[in-house]
Amino acid sequence: MLLSLVYMSAANQVFDQERLDALLEHARVRNAASGLSGLLVYKDGRFMQLLEGPEAAVLETYQRIIDDPRHTDVGLLVEERIHTPRFGEWKMAFHREADAELPDGFDSFLAEGDASGDTSRARELLRWFRNHPMAAPDAALGKHRR
């Protein structure tokens, strides 16, 4: 059995495209070495990540994220046992300039959506994050309430 978790956090600093590319490269190398896969989505100062793999590696990585000063308001949304990974490799999605060359591991999830038939809680949260204004960093201030 593998462990899958989804968390959401706010960035403590601005992540421009260059910093996000560097984060993608670093995370792909580190997570591959730990046997982890998943998807990290960055939108408007917020992160949501689905992280999956061997339980010890997932929990160690999640603790490192909690302790990372670049994140605030880290909150665990889903933790579940899975038999097989839903993401074969580690990827990252964020808005990119239209003419930018796509780096290895970049995912078009934000621009193109998700055609997967997976209806797990984790996948549904990622879809929510992509589309819902409450995923914005200032949502707690009431701007998006009706």
Which heavy-atom pair separates [X] from [Y] by the least distance, and what is that distance?
X	Y	result
Gly53	Val58	N-CG2, 3.4 Å
Phe87	Ser37	O-OG, 2.8 Å
Met8	Leu77	CB-CD1, 3.9 Å
Leu76	Glu79	CD2-OE1, 3.5 Å
Ala10	Arg46	CB-NH1, 3.3 Å

TODO: Find the distance between CG (Leu51) and CG (Leu36) and round it off to the nearest 0.5 Å.
DONE: 5.0 Å

TODO: Calculate, to the nearest 0.5 Å, the distance between atoms CG and OG belonging to Asp68 and Ser9 respectively.
DONE: 8.5 Å

- [ ] Applying side chain to side chain contact (heavy atoms under 4.5 Å, CB included), run through His71 and Ile65 and close with a yes or a no.
- [x] CA-CA 7 Å; His71 293 270; Ile65 290 163; 4.0 Å; yes

Answer whether the closest heavy-atom distance between the side chains of [X] and [Y] falls below 4.5 Å.
X	Y	value
Leu40	Leu23	yes
Arg30	Arg64	yes
Glu52	Glu80	no
Val78	Leu5	no

Task: Heavy-atom neighbours of Glu18 CD exceed 12 at 6.0 Å - done: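 Open.
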
TODO: For the pair Met48 and Tyr42, evaluate side chain to side chain contact (heavy atoms under 4.5 Å, CB included) and give the outcome as yes or no after the intermediate values.
DONE: CA-CA 7 Å; Met48 182 178 273; Tyr42 178 80; over 6 Å; no

TODO: Kindly say whether the aromatic ring centers of Tyr7 and Phe47 come within a distance under 6.0 Å.
DONE: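 No, the ring of Tyr7 stays outside the 6.0 Å limit from the ring of Phe47, centre to centre.
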
Short side-chain to backbone donor-acceptor contact, [X] and [Y], under 3.5 Å:
X	Y	result
Arg81	Leu2	no
Gln49	Val41	no
Asn12	Pro69	yes

Task: Stepwise side chain to side chain donor-acceptor pair (under 3.5 Å) test for Gln63 and Asp67 - done: CA-CA 6 Å; Gln63 186 61 54; Asp67 296 338; 3.1 Å; yes

TODO: Walk me through it: do Ile82 and Met1 pass the test side chain to side chain contact (heavy atoms under 4.5 Å, CB included)?
DONE: CA-CA 6 Å; Ile82 58 173; Met1 293 285 287; over 6 Å; no

- [ ] Decide side chain to side chain donor-acceptor pair (under 3.5 Å) for Ser4 and Arg86; before the verdict, give the C-alpha distance in whole Å, the side-chain angles of both, and the deciding distance to 0.1 Å.
- [x] CA-CA 9 Å; Ser4 172; Arg86 289 172 278 202; 2.6 Å; yes

